[in-house]
Enquirer: 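Quick one: structure below, then a few questions.
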Amino acid sequence: MSTISGEGQPTVQYIAAALIVSPNYLSGLLKVLTGQSTQQHIHDKLIEKAKEKLSTTDLSVTEIAYVLGFEHPQSFSKLFKKKTNLSPLEFRQSFN
């Protein structure tokens, strides 16, 4: 089972197990309460953490991708761009 630290991105199953609910219950509840799927919430939290690391550390984009559990930095950059309309480097440069 994936965890948040060092073993990839958190999965819906991991979060549901941590909360002691079924993945379907968790997904249904989040959908009703927020209109978003559990996976969308996971992605939003990953992007929040990425923004924090990009704006407060000197870690490279590749290092941040790995810290956040991405197997391939390109996947991280693609998700970041999709969610923010900026590449990770463009986001970081906006602070300089």
Enquirer: A side-chain contact here means heavy atoms from C-beta on lying under 4.5 Å apart; do F70 and I64 qualify?
Expert: no
Enquirer: Out of curiosity, S60 OG to K53 NZ, how far, rounded to the nearest 0.5 Å?
Expert: 12.0 Å
Enquirer: List the atom of F76, the atom of P88, and the distance in Å for their closest heavy-atom pair.
Expert: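 Scanning both residues completely, I find the closest heavy atoms to be CE2-CG, 3.7 Å.
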Enquirer: Could you tell me which non-hydrogen atom of A65 sits nearest to which non-hydrogen atom of P73, and how far apart they are?
Expert: CB-CA, 3.8 Å
Enquirer: Which heavy atom of P10 sits nearest to which heavy atom of I42, and what is that distance?
Expert: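 In terms of heavy atoms, the two residues are closest at O-CD1, 3.5 Å.
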Enquirer: Output the distance between atom OG1 (T56) and atom NZ (K51), rounded to the nearest 0.5 Å.
Expert: 13.5 Å
Enquirer: Which atoms form the tightest heavy-atom contact between Q9 and L68, and what is the distance?
Expert: CG-O, 3.7 Å
Enquirer: Compare all side-chain heavy atoms of V61 with those of S77 and state whether any distance is below 4.5 angstrom.
Expert: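 Yes. Closest side-chain heavy atoms under 4.5 Å.
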Enquirer: Measure the spacing between OG1 of T62 and NE2 of H72 and express it to the nearest 0.5 Å.
Expert: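 Rounded to the nearest 0.5 Å, the OG1-NE2 separation comes to 12.5 Å.
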Enquirer: Considering only heavy atoms from C-beta outward, does the side chain of L54 approach that of L89 to under 4.5 Å?
Expert: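 SC-SC contact between L54 and L89 ruled out.
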Enquirer: Could you tell me the separation between the OH atom of Y14 and the CG atom of L19, rounded to the nearest 0.5 Å?
Expert: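 Atom-to-atom, Y14:OH and L19:CG are 10.0 Å apart.
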Enquirer: Should V12 and S27 count as side-chain neighbours, where that means a heavy-atom distance under 4.5 Å?
Expert: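 V12 vs S27: side chains touch.
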Enquirer: Between atom CD1 of I47 and atom CG of L79, what is the distance when rounded to the nearest 0.5 Å?
Expert: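 Answer rounded to 0.5 Å: 4.0 Å.
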Enquirer: Just by distance, do the side chain of S55 and the backbone of E52 share a donor-acceptor pair under 3.5 Å?
Expert: yes
Enquirer: Membership question, hydrophobic clusters at under 4.5 Å side-chain separation (ILVMFWY): are V21 and V32 in the same one?
Expert: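 No.
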Enquirer: Who pairs with F91 by ring-ring contact (aromatic ring centres under 6.0 Å, His included), at least two apart in sequence or on another chain?
Expert: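 With neighbours one apart ignored, the set is F80, F95.
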Enquirer: Under a 4.0 Å threshold between the charged nitrogen and the carboxylate oxygen, would K45 count as salt-bridged to E48?
Expert: yes
Enquirer: Hey, what do you get for NE2 (H41) to CG (L30), rounding to the nearest 0.5 Å?
Expert: 4.5 Å
Enquirer: Just grab all the salt bridge (charged side-chain N to carboxylate O under 4.0 Å, His left out) pairs involving residues 60-87, residues at least two apart or on different chains.
Expert: D44-K83, K81-E90
